[in-house]
Amino acid sequence: MPDHTTIYQHEANTYHELISKQADLMGRIEELRPCCGLDIVDLGAGTGRLTVALGKKAKSIVALDASEAMLCVAADRLEQAGLTNWRTQAADHRRLPLADQSADLIVAGWSICYLGSTNVANWQQNIHQVMSEIRRVLRPDGTAVIIETLGTGSETPTAPDFLQPYYAMLEKDYGFAHQWVRTDYTFDHWQQAERLTRFFFGDALAEQVIRHKLTRLPECAGIWHLQL
């Protein structure tokens, strides 16, 4: 598999090209918590796939990510959208640079998993710290929405083995409810699909794209949500 840390630090624009081909999830988020007029935090905001859409409805939005390079792309996109109600800051999910009870909604898309993989030392403690920070920052009646992968290249949910214990903890230990959705990638042509799939997901999936000349790459995502 490609090194995602290197991608996030040095290839943010290509990463954004990939995710721009993915289905939008704003409707799903708004079903869980209408966003108009809220103070929102986007954890692992990356290049702003959720930030820009949320920012158009929010009272304020803070985009946090470990990668300054990703946040630079997000900031450019927020400026291009004409938004002024935002700020970005590099941060660790386990130590959020935010005041107590300062947010109505916290979203985290495809990012907490990097701390919750069983391949990571002390992953249970990592998740405990992240959940403690989320609860600290949310206001009473606040909402947390966590989006994570349930399998790229899969028509039905197929959670990676190394993330299943983390997903189980969200429901058993922290009280999150769960649903799943399709978040397929739709590419302009199979050559683009092959290039971007190889870039982020690796050779095995890219070879499937070539073999079947795929322009649609199926993907499933889990949405975990908690109302305080």
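Given the structure is predicted, the values throughout are model-derived calculations rather than measurements.
- Identified under the salt bridge (charged side-chain N to carboxylate O under 4.0 Å, His left out) test for residues 142-158, with sequence neighbours left out: Glu155-Arg182, Glu155-Arg216.
- Residues satisfying the salt bridge (charged side-chain N to carboxylate O under 4.0 Å, His left out) criterion with Asp100, sequence neighbours excluded, are Arg136.
- Within the 3.5 Å criterion, the main-chain N or O of Tyr8 finds a donor-acceptor partner in the side chain of Ser67.
- Grouped by direct or indirect side-chain proximity (heavy atoms under 4.5 Å, Ile/Leu/Val/Met/Phe/Trp/Tyr only), Leu38 sits with Leu25, Met26, Ile29, Leu32, Ile40, Leu50, Val52, Leu54, Ile61, Leu78, Leu83, Trp86, Leu105, Val107, Trp110, Val145, Ile147, Val181, Ile223.
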* To do: Given side-chain contact (heavy atoms from CB on, under 4.5 Å), test Phe199 with Glu17 step by step and report yes or no.
  => CA-CA 11 Å; Phe199 160 75; Glu17 183 185 2; over 6 Å; no
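- Taking Ile, Leu, Val, Met, Phe, Trp and Tyr as members and joining any whose side-chain heavy atoms lie under 4.5 Å apart, directly or through other members, Val73 forms no hydrophobic cluster with any other residue.
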Where do His189 and Thr215 land on the side-chain hydrogen bond (donor to acceptor under 3.5 Å, both in side chains) test, with the steps shown first? CA-CA 5 Å; His189 44 75; Thr215 58; over 6 Å; no
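- Judged purely by atom type and a 3.5 angstrom limit, Ser117 has no side-chain atom pairing as donor or acceptor with the backbone of Cys113.
- For Gln227 (side chain) and Asp141 (main-chain N/O), a donor-acceptor pair under 3.5 Å exists by modelled atom type.
- Side chains of Asn85 and Ser60: no donor on one and acceptor on the other come within 3.5 Å.
- Identified under the salt bridge (charged side-chain N to carboxylate O under 4.0 Å, His left out) test for residues 52-65, with sequence neighbours left out: Glu30-Lys57.
- Here the side chains of Ile19 and Thr47 are in contact, with some heavy-atom distance below 4.5 Å.
- Here the side chain of Thr197 pairs a donor or acceptor atom with the backbone of Ala193 at under 3.5 angstrom.
- Note that CG of Asn126 and OH of Tyr114 are 15.0 Å apart. Values are rounded to the nearest 0.5 Å.
- The salt bridge (charged side-chain N to carboxylate O under 4.0 Å, His left out) check on Glu68 picks up nothing, with sequence neighbours excluded.
- In terms of the side-chain contact (heavy atoms from CB on, under 4.5 Å) criterion, Thr84 has no residue partners (sequence neighbours excluded).
- Applying the ring pair (Phe, Tyr, Trp, His ring centres under 6.0 Å) rule to pairs touching residues 142-171 yields Tyr167-Trp224, sequence neighbours excluded.
- Residues His4 and Tyr15 fail the side-chain proximity criterion, which asks for heavy atoms closer than 4.5 Å.
- Taking all atoms of both residues into account, the shortest heavy-atom contact from Ala45 to Thr51 is CB-OG1, 3.5 Å.
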I'd like a table of donor-acceptor pairs (distance under 3.5 Å, sequence neighbours excluded) in which one partner is a side-chain atom from residues 201-210, with atom names and distances.
| from | atom 1 | to | atom 2 | distance (Å) |
| --- | --- | --- | --- | --- |
| Asp203 | OD1 | Arg198 | NH1 | 3.0 |
| Glu207 | OE2 | Arg198 | NH1 | 3.4 |
| Glu207 | OE2 | Arg198 | NH2 | 2.9 |

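- With sequence neighbours excluded, the residues satisfying salt bridge (charged side-chain N to carboxylate O under 4.0 Å, His left out) with Asp92 are Arg94, Arg95.
- In this structure Arg135 satisfies the salt bridge (charged side-chain N to carboxylate O under 4.0 Å, His left out) test with no other residue, sequence neighbours excluded.
- For an aromatic pair to be called close, the ring centres must be under 6.0 Å apart, and Phe176 with His225 fails this.
- Counting only heavy atoms from C-beta outward, the side chains of Ile134 and Met131 approach each other to under 4.5 Å.
- Closest of all the heavy-atom pairs between Pro165 and Thr118 is CG-CG2, 3.6 Å.
- When all heavy atoms of Pro157 and Cys220 are compared, the pair lying nearest together is N-SG, 3.7 Å.
- Using a 4.5 Å cut-off on side-chain heavy atoms (C-beta onward), Val130 and Leu115 make contact.
- Rounding to the nearest 0.5 Å places CZ of Arg211 at 12.0 Å from CD of Glu194.
- Atom-to-atom distance recorded for His16:NE2 and Asp76:CG is 10.5 Å, nearest 0.5 angstrom.
- The two atoms that bring Ala12 and Ala69 nearest to each other are CB-O, 3.9 Å, heavy atoms only.
- Residues satisfying the side-chain contact (heavy atoms from CB on, under 4.5 Å) test with His10, not counting sequence neighbours, are Thr6.
- Side-chain atoms of Asp184 come within 3.5 Å of backbone N or O of Glu219 as a donor-acceptor pair.
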